[in-house]
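Have a look at the structure below, then the notes.
The chains referred to below are lettered A, B, ... by the order of the sequence lines, with proteins before strands, and numbering in each begins at 1.
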Amino acid sequence: MEAIIQIEKLNLYYDTYHALKNVDLDIPEKTVTAFIGPSGCGKSTLLRTLNRMNDMIPATRIEGSVRIGGTEIYGEDVHVEALRKQVGMVFQQPNPFPKSIYDNIAYGPRLHGIKSKSDLDGIVEQSLKQAALWEEVKDYLKRSALSLSGGQQQRLCIARALAVQPDILLMDEATSALDPISTLKIEELVQELKSTYTIVMVTHNMHQAARVSGQTVFFLNGEVVESASTDVLFSTPSDARTEDYISGRFG
Amino acid sequence: MERLNLGDSKRINRRRISDQTLHMIFLACTSIGILVLMALIGTIVMDGIHRLSPDLFTNYPSRIADRAGLKSPIVGTIYLLLLMAPLSFILGVGAAIFLEEYAGRSRWVRLIQLNISTLAGVPSIIYGILGLAIFVRGMNLGRSLLSGVLTMTLLVLPIIIVAAQEALRAVPKNRRDASYALGATKWQTVSKSVLPSAMPGIMTGVILALSRAIGETAPLIMIGALTYVAFLPENLLDSFTVMPIQIFNWISRPSEAFHELAASGIILLLIMLFIMNIAAVWIRNKYSKNI
């Protein structure tokens with residue numbers, strides 16, 4: 001299977017700090033990949049490299065190659081707006097806009113020029129259904145998104161990201177601010193979405209990585225220590241540091 | 001634990017006494033401010049209340065106290081406000097958006113920033129001198145309503161810029177991230193996500209700046225608005241007068257009757273300021289729910 005994301009010899013510096021060291025990684029299409037590792041190991045940095053959210057941090061420097069769907073995303077002719085439409089992102093804290101549920105979902109499509117009411121209606125309904133939120137909110141679309149619970153807000157943010165029809169969905173510790181039941185709902189959602197989308201998630205929770213991902217990547221101090229199918233990585237890790245981490249000896 | 005330790009009660013009593021003493025001192029500080037304000041309002045109302053009549057709104061200023069009114073100053077103040085508000089809003093918010101969202105943090109930007117904050121505290125008469133030099137003389141606009149509007153816009157601009165910048169800065173970063181992550185450009189993010197969240201704060205700042213402007217006298221005296229105006233300005237280049245100038249004019253006359261008129265003018269001005277401040281609070285409360 002051809003990898004949709006191909007990372008080669010990627011180095012990233014924040015000013016003088018070497019945050020990612022010689023990362024080589026392939027991520028296959030329509031799978032769930034989990035990035036695990038202790039705080040500050042570079043897993044979120046790599047995630048934010050994939051939709052170029054790091055561009056906004058001053059003095060960030062990048063060397064190496066990141067290709068998505070065969071295109072070099074740090075190439076000169078790449079429009080970052082178009083990239084981010086293809087590569088959606090869900091953040092750690094649910095961050096809905098202080099607008100209605102409807103306007104939250106329609107925000108992205110409107111940015112990209114969809115104006116017709118009936119088109120937007122269709123997108124809103126479909127996105128909310130995909131995020132398993134439709135049944136809960138279909139009668140309250142005009143209500144403020146801030147009136148939803150934390151778990152609902154996060155599913156709204158997933159729906160909002162899906163509304164611009166991305167191919168890849170990045171989730172940056174998307175459940176760490178949620179209660180266990182909301183977390184479970186989002187994990188179930190991820191299982192359903194992986195038939196349509198390529199999902200890359202950063203998680204602090206190794207059980208979560210084991211439950212939902214097909215492939216797991218273990219980071220330490222800005223390096224990829226080990227990358228393997230989740231079953232293999234958790235049962236027979238090839239690197240001693242991976243074994244130490246997943247058995248709870250550090251991190 | 002054998003017994004609850006109640007500590008050294010003498011020491012605690014001493015601490016309590018200093019606590020209570022300071023409580024009284026702070027209360028006294030507040031009371032002085034309020035008492036002075038009450039006394040001020042009290043004397044002005046006593047002087048001016050019987051002069052408050054519909055005539056005040058319909059009569060032009062006059063040399064005869066019983067016929068004198070505030071028609072042209074009231075209309076002048078309203079014209080000034082209506083022209084200043086959109087101009088200072090557009091310039092001020094535009095500058096704030098540039099500085100906060102686009103300019104970055106280079107040395108030049110910080111220098112400009114420092115200058116703007118300093119300008120917000122420059123005495124208003126300096127703006128009058130500036131207005132006289134640039135608008136009245138330099139651009140040959142004369143002692144006109146337009147000169148007044150432009151001068152006053154300059155005066156409130158730094159205040160509005162600083163207030164708008166603070167409002168923009170208060171918008172949480174994760175709201176910008178959400179917008180960028182959906183593929184928004186900077187302007188789309190600012191216009192659709194940041195500005196709506198910052199608008200209540202910006203509006204409050206603008207209203208407070210405008211309410212400062214309608215009480216200003218010095219810069220308008222400087223550009224020559226202190227004249228006897230017994231007509232309403234019909235275009236931007238007509239001469240004009242505003243309420244605080246007319247009040248100043250009346251107070252400088254010897255006759256007691258004019259002092260009473262001045263007091264009634266002050267009451268009207270205070271009512272206007274009060275309404276504007278209430279509007280600012282109302283806007284803040286109405287929209288802050290959604291932030």
Is A:P96 in contact with chain B via its backbone, its side chain, both, or neither, using a 4.5 Å heavy-atom distance?
backbone

Are there residues of residues 153-175 of chain A whose heavy atoms fall under 4.5 Å of chain B's heavy atoms? If so, which?
A:R160, A:A161, A:V164

What's the separation between atom CZ in A:R84 and atom OH in B:Y180, rounded to the nearest 0.5 Å?
8.5 Å

Please report the interatomic distance CG(B:L182) to CG(A:N104), rounded to the nearest 0.5 Å.
9.5 Å

A:E81 side chain vs B:A184 backbone, donor-acceptor pair below 3.5 Å
no

A side-chain contact here means heavy atoms from C-beta on lying under 4.5 Å apart; do A:P98 and B:R175 qualify?
yes

Chain B contacts: which residues in residues 112-126 of chain A have a non-hydrogen atom closer than 4.5 Å to it?
A:H112

Separation between CG (A:N95) and CZ (B:R176), nearest 0.5 Å, reads 13.0 Å

When only pairs under 4.5 Å are counted, which of A:K85, A:M89, A:M53, A:R52 shares the most heavy-atom pairs with chain B?
A:M53

State, to 0.1 Å, how close A:K99 and B:K192 come at their nearest heavy-atom pair, and which atoms those are.
NZ-O, 2.9 Å

Write down the atom of B:N174, the atom of A:Q93, and the distance for their closest heavy-atom approach.
ND2-CB, 4.4 Å

Can you confirm whether A:M56 is buried at CE, in the sense that more than 12 heavy atoms of other residues, nucleotides or ligands lie under 6.0 Å from that atom?
yes

With a sphere of 6.0 Å drawn around CD1 of A:I181, does it hold more than 12 non-hydrogen atoms of other residues, nucleotides or ligands?
no

Mind checking whether A:F97 and B:S179 have side chains closer than 4.5 Å, heavy atoms only?
yes

Under a 4.5 Å heavy-atom cut-off, does chain B meet the side chain of A:V87, its backbone, both or neither?
backbone

State whether the number of non-hydrogen atoms from other residues, nucleotides or ligands found under 6.0 Å of B:Y102 atom OH is greater than 12.
yes

Provide the closest heavy-atom pair for A:Y107 versus B:Q188 in the form atom of the first, atom of the second, distance.
OH-O, 3.9 Å

